[in-house]
Every structure is written in C-alpha cells, then in structure tokens.
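The structure under discussion appears below in the form of structure tokens.
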Amino acid sequence: MKKEWDVVEVLKYARHDWLNKIQLIKGNLALNRVDRANDIINTIVNESQHESKLTSMNMHLFTGFVMTYHWYNHAVRLELEVLGNAQDLSKYDNEVYKWCRYLTGLLESHIDYHADNYLSISLCTEEQEPRFFFDFSGILTDMQNSQEQLGSYEYGQMLTCVEQEILPTEFNIQIKLNT
C-alpha cells in the first residue's frame, strides 16, 4: 500500500481535502446552520494543530502514513491527537510506522465494512517515556483471530506493549516508546 507521491499528486489530494472542507462549511452556512459551520471550522483547526505537532516529531514515515491514510479507500477512519510538546522521535519512526501498518491492515481484514469503524491514535509526550494509545471503536468480525494476531506481534527493542484490551466492538492498546 505504500506509494511514492510526487509533489503534484500530494498537492492534488491536499487541495481536494480542503475543497471538501470548504464545501461543508459553505453548505452549512447556506442552510443557515452557523453553529454547525463553526463546529466544522473548530474541528479543522484542531486537526491541523495536531498534524502540525506530529510533523514536528521527525517521524516522517509514520506522519506520512497517518496524513495520507484517508486518501485511499479504507473502511476504518483514523483520528489523530498529539498531547504534549514536540520532541525528536525519529529513532522510533520505522517501528511505529510498521506497527501502524500492521494494525490498520489487521483491522481492514477483521471488521464489519457496514459499521462505523474508527481508530483513534493518540501520542502522549507529557510523560518521561512517550506513549501511543490506539483506541478502536467499531465491529470486529473475528475477535479471536484479531487477539491472536495482535498478541503475536513482535514489537522489537524500541516499543513495548503496556496494555491491550480487546472486545467485540472496541479495543485499547497502549505502546510505550523505550528510551
């Protein structure tokens, strides 16, 4: 699924995203739903602030994956949150990227495509050891196989799975970045 993007393609997709957001705002204003238009604007600002923090972490593979994920046709919607100050996490980039690709691939093969499926990724740098929180909400069609595959993932030396709870309609996984 990894694709090499050229500048024109990136700009094309980015422009398309922004036009969609502007059309949402414009449509709500035309319907005199000013509160909803303001909510959309606040969401856009919030998402942009989190993306800005993420780009400052020097995790280019992971950042590129997360920020272009919705450019492909996926049944899982990604949401991103970055808590804390920016720090150089470049040494973790490859392993976090591989883990994220593994997790999203596993989800895509074990979810109900007719359900609303969300994966919230939170990066918390407020603690001494930065952590990722992966919170899924949706419907897993094969929970046992999902548990087995998640349990058998080999994290390597840079990451440690601190917590993992899997239920039929949600799961929570916490990963610590080993300093």
Side-chain angles (χ1 to χ4, degrees), residues 1-29 36-83 86 88-125 130 132-142 146 149-150 153 159 169-173 175 177:
M1 180 168 80
K2 184 173 182 186
K3 178 180 177 173
E4 293 296 322
W5 297 92
D6 68 31
V7 173
V8 174
E9 285 179 300
V10 170
L11 291 173
K12 180 177 98 173
Y13 278 98
R15 183 185 66 246
H16 179 79
D17 279 353
W18 276 106
L19 283 174
N20 285 343
K21 292 172 184 179
I22 290 169
Q23 286 174 344
L24 277 174
I25 295 165
K26 186 177 174 184
N28 278 284
L29 290 174
R36 180 65 186 129
N38 281 327
D39 289 344
I40 293 168
I41 292 168
N42 289 335
T43 299
I44 293 168
V45 169
N46 192 32
E47 288 173 355
S48 296
Q49 288 171 337
H50 288 295
E51 289 175 355
S52 176
K53 280 185 181 181
L54 184 62
T55 59
S56 299
M57 301 284 184
N58 296 320
M59 298 178 70
H60 301 283
L61 289 171
F62 172 71
T63 301
F65 176 74
V66 170
M67 291 179 68
T68 61
Y69 183 82
H70 66 280
W71 291 359
Y72 298 95
N73 187 19
H74 291 289
V76 176
R77 177 85 175 132
L78 282 187
E79 298 171 351
L80 173 70
E81 179 180 42
V82 180
L83 306 169
D88 184 1
L89 300 177
S90 57
K91 69 181 181 179
Y92 305 101
D93 188 26
N94 194 46
E95 285 195 44
V96 171
Y97 167 72
K98 286 192 310 191
W99 159 246
C100 240
R101 285 194 45 140
Y102 180 82
L103 178 61
T104 54
L106 182 133
L107 284 174
E108 291 286 334
S109 63
H110 291 92
I111 58 165
D112 179 349
Y113 278 78
H114 302 290
D116 289 331
N117 298 292
Y118 294 93
L119 179 62
S120 173
I121 302 172
S122 300
L123 169 57
C124 181
T125 61
F132 277 92
F133 298 85
F134 298 89
D135 297 305
F136 171 76
S137 127
I139 297 178
L140 292 171
T141 57
D142 189 351
S146 299
Q149 287 184 337
L150 286 170
Y153 185 81
L159 309 177
T169 59
E170 66 182 7
F171 69 67
N172 305 298
I173 300 172
I175 302 206
L177 304 182

Trace of the side chain to side chain contact (heavy atoms under 4.5 Å, CB included) decision for Leu123 with Leu89: CA-CA 11 Å; Leu123 169 57; Leu89 300 177; 4.0 Å; yes
Heavy-atom pair with the smallest gap, counting every atom of [X] and [Y]:
| X | Y | result |
| --- | --- | --- |
| Ala14 | Trp71 | N-CZ2, 3.9 Å |
| Tyr118 | Glu79 | CD2-OE2, 3.6 Å |
| Arg101 | Phe65 | CG-CE1, 3.6 Å |
| Ser90 | Met59 | N-CG, 4.4 Å |

Spell out, as yes or no, whether a donor-acceptor pair under 3.5 Å connects the side chain of [X] to the backbone of [Y].
| X | Y | result |
| --- | --- | --- |
| Asn117 | Ala115 | yes |
| Asp112 | Thr141 | no |
| Ser146 | His110 | no |
| Asp93 | Leu61 | yes |
| Tyr113 | Glu108 | yes |

Would you call [X] and [Y] a side-chain contact if the rule is heavy atoms closer than 4.5 Å?
| X | Y | value |
| --- | --- | --- |
| Asn20 | Ile22 | no |
| Leu140 | Thr169 | no |
| Thr68 | Tyr13 | no |

Residues which pass side-chain contact (heavy atoms from CB on, under 4.5 Å) with [X], listed by chain and number, not counting sequence neighbours:
| X | answer |
| --- | --- |
| Leu78 | Tyr69, Thr104, Leu119, Ile121 |
| Lys53 | Val82 |
| Lys21 | Trp18, Ile44, Glu47 |

Polar side chain donor-acceptor pair, Asp17 to His70, under 3.5 angstrom: yes
Parallel, tilted or perpendicular, as decided by the 30° and 60° cut-offs, for the rings of Phe136 and Phe171: parallel
Aromatic ring proximity Phe62/Phe132, centre distance under 6.0 Å: yes
Among Leu24, Ile25, Asn28, the one residue meeting side-chain contact (heavy atoms from CB on, under 4.5 Å) with Arg36: Asn28
